[in-house]
Amino acid sequence: MQDFVNKIVRWYKKNLRPLPWRATNDPYRIWLSEVILQQTRVEQGQPYYEQFTTEHPNIQSLAEESEEKVLRLWQGLGYYSRARNLHKCAKAVVNLHAGHFPNNYKELIKLPGIGPYTAAAIASFAFNEQIACVDGNVYRLLSRYFGIEDDIASGKGQKVFFEKAQSLIPADQPADFNQATMEMGAMICTPKKPRCEQCPVQQGCYAFEHQAQGRLPVKIKKLKIKNRYLNYSVFQFEQRIIMNRRPEKGIWAGLYDFPLHESKLSLDSFEPLLEAYPALNPNDWLLGNISSEYKHILTHQKLFVTFFSFNCKNKAAYEALKQALKAEEYNLEEIEELPKPKIIDQFLSDTFLQPER
DNA sequence: AATACGGGGTG
DNA sequence: CACCCAGTATT
């Protein structure tokens, strides 16, 4: 199997993409890139990496930032617990490790937001530890090449793949090996239409020989997608809008949105909202526009989102509602600075930005 | 062992 | 539409 290792490492050194986080040994930048790239494609994550490293060139800077600002920088990337853990981790490294990342897998994995993959990536890339990275790319490459049929989602499968990768990783160049397996999975051994004609290890590949590329890796998953109907109320008074910070748990934790009323089916009138908000006296409000329904597809739910605009006639009524909702009011300039879910940001752009002409 | 957690690209 | 992306934390 030494042949397999040599061939993919040689291929990597010749074909690697010159990504910015490959040009550094700084564990801070390696960590940042790895967290950004969790479940995220390189092209989507790269602009965020540039933003973060520009605004926060080192971990002290990031640790001193507010969580809200970190979330705002993360806005649009998704899986926001990554941003919250990123911030927690930065503080932990500064406060518990004098601003220096631990230099080994065992300690790295104790930090928030750093799991088996990320710990192995930092340990090997920054500190040259001989520990295998196993991500989606590696599952694919190894299962196809070696004909491993274990379900990659199962505990046993994860163990089998890690041990296979760990048995292959060379002591003299662990980082290049890890980069090579992942880059191969990303560029050659792709999920669909793998580029077998360009593959340096086509010879010896189980899946190529048996035309099993479409079947491997085996991944058994049952994802039930639920439809949800979200109705947002945009309560406005003289250029100020009521918003609130979402709870610490659940979807969009810590981000800001409007008062939310969920329904079983799409709403097309204000009435259910008038019932939902007893503090809302219809005499004090002008019922405005009902937006068209936004469809927002997430991994395990499909959201149908409608925005209902209310304009308040007097300040007292506005204050009363705000208080009843335990929310705050913001003008557009302030809203710009708040971290918001994509769908909220989209609505705001559609509604309050004048199209150029 | 299963589920929750975003947003976007591919075929 | 189905699948999946340089996964992790919680249940």
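If you're wondering where the values come from, they're calculated on a predicted model, not measured in any experiment. Proteins come first, then strands; the chains are lettered A, B, ... in the order of their sequence lines, and each starts at number 1.
Residue contacts shown for A:L303 are absent, as no nucleic acid heavy atom lies under 4.0 Å away.
B:dC5 and C:dA6 are spaced 23 Å apart, taking the P atom of each and rounding to whole Å. Here the separation of C:dA9 from B:dG8, taken at their P atoms, is 24 Å to the nearest Å.
Side-chain N/O atoms of A:R84 and base N/O atoms of C:dA9 include no donor-acceptor pair closer than 3.5 Å. Under 3.5 Å, the side chain of A:T299 and the base of B:dG7 form at least one donor-acceptor pair of N or O atoms. For A:T40 against B:dG6, a side-chain N or O and a base N or O form a donor-acceptor pair under 3.5 Å.
In terms of position on DNA chain C, the residue among A:G136 and A:K219 whose nearest nucleotide sits closer to the 5' end is A:K219. Sequence order on DNA chain C of the closest nucleotides to A:G113 and A:V42 puts A:V42 first from the 5' end.
Residues A:V94 and A:K91 form no side-chain contact, since every pair of their non-hydrogen atoms from C-beta on lies 4.5 Å or further apart. Two residues are said to be in side-chain contact when any heavy atoms from C-beta on lie closer than 4.5 Å; A:I131 and A:F162 meet this criterion.
For A:L77 and B:dG7, the CG to P distance is 10 Å, given to the nearest whole Å. A:R215 has its CZ atom 22 Å from the P atom of C:dA2, to the nearest Å.
Between C:dT11, B:dG8, C:dG7, one nucleotide has an atom nearer to the side chain of A:K249 than all others, and that is C:dT11.
OP1 or OP2 of B:dG8 has not a single side-chain nitrogen or oxygen of A:Q39 nearer than 4.0 Å. OP1 and OP2 of B:dG7 both lie 4.0 Å or more from every side-chain N or O belonging to A:W74.
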Which pairs of donor and acceptor atoms, one on a side chain in residues 295-312 of chain A, lie under 3.5 Å apart (sequence neighbours left out)?
unit_1	atom_1	unit_2	atom_2	d
A:Q301	OE1	A:R228	NE	3.4
A:Q301	OE1	A:R228	NH1	2.7

